[in-house]
Amino acid sequence: QGYETEDALLHLLEWMNGDPVLAYHSAFDQKFLEKTLRAELGYTLNHTWMDVADLMPAFFPDSKTGGKGLDNWADFFGLEVSERHHAASDALATAELTLVALNKARKEGIKTLKELHEKLRYHRRLQNMHRF
């Protein structure tokens with residue numbers, strides 16, 4: 001039965017509370033949510049998005065996962081995913097992978113969100129350089 005769109009968006013914004021949004025392959029979700037918030041509520045504030053699909057290879061660049069998907073990383077680290085393509089299960093796997101990456105970040109001396117973003121930006125630049 002759910003909520004009307006406007007009410008659902010307001011509940012989501014309240015729940016997010018300005019915190020960073022964590023997701024796996026988040027580009028589509030980010031664009032969709034930002035477009036919907038703008039169209040439905042006139043909301044234009046930007047949120048910090050953290051894509052775990054970018055985070056994992058930045059901290060584990062030499063890992064042989066067999067692919068870039070959530071399943072590949074979960075299998076690589078021996079995480080149990082009870083039901084794939086189920087929101088709660090995928091969210092749990094994403095959270096667990098994030099904890100793995102943040103633990104590695106801490107060991108590398110990364111302590112702030114800004115430093116984490118710098119690490120991701122550096123990793124993306126390296127990837128782009130290797131394409132040429």
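Source: prediction; values computed, not measured. Only this structure's heavy atoms are used, side chains among them; waters, hydrogens and symmetry mates stay out.
The closest donor-acceptor contact from the side chain of T112 to the backbone of E115 lies under 3.5 Å. Side chain of N17 to main chain of D19: no donor-acceptor pair is present (N/O by atom type, distance under 3.5 Å, no hydrogens or angles). Without hydrogens or angle criteria, T65 side chain to G67 main chain gives a donor-acceptor distance under 3.5 Å. Within the 3.5 Å criterion, the main-chain N or O of G69 finds a donor-acceptor partner in the side chain of N72. Using modelled atom types, one side-chain atom of S89 and one backbone atom of E83 make a donor-acceptor pair closer than 3.5 Å.
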Side chain to side chain contact (heavy atoms under 4.5 Å, CB included) between H117 and T48, worked out: CA-CA 10 Å; H117 279 286; T48 300; 3.3 Å; yes

Before giving the answer on side-chain hydrogen bond (donor to acceptor under 3.5 Å, both in side chains), spell out for N128 and R125 the whole-Å C-alpha distance, their side-chain angles and the decisive distance to 0.1 Å. CA-CA 5 Å; N128 288 335; R125 281 199 334 242; over 6 Å; no

Would you please test H86 and D90 for side chain to side chain contact (heavy atoms under 4.5 Å, CB included) and show each step? CA-CA 6 Å; H86 184 270; D90 288 355; 5.5 Å; no

How far apart are the C-alpha atoms of L70 and L97, what are their side-chain angles, what is the distance that settles it, and do they pass the side chain to side chain contact (heavy atoms under 4.5 Å, CB included) test? CA-CA 9 Å; L70 183 62; L97 288 171; 3.5 Å; yes

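Between F60 and F77, the two ring planes are perpendicular [angle over 60°; tilted spans 30° to 60°].
When the shell of 6.0 Å around OH of Y3 is examined, it contains 12 or fewer heavy atoms from other residues, nucleotides or ligands.
Taking the side chain as every heavy atom from C-beta outward, M56 and K68 never approach each other to under 4.5 Å. Using a 4.5 Å heavy-atom cutoff, the side chains of F59 and E108 are in contact. Inter-residue side-chain proximity for W73 and L55 is flagged as unmet; no heavy-atom pair is nearer than 4.5 Å. Inter-residue side-chain proximity for Q127 and D54 is flagged as unmet; no heavy-atom pair is nearer than 4.5 Å. Counting heavy atoms from C-beta on, the side chains of L116 and L102 come closer than 4.5 Å.
What you find for E96 and L79 is that their closest heavy atoms are CB-CD1, 3.8 Å.
Judged by the 6.0 Å distance and 45° axis criteria, K64 is not positioned over the aromatic ring of F76.
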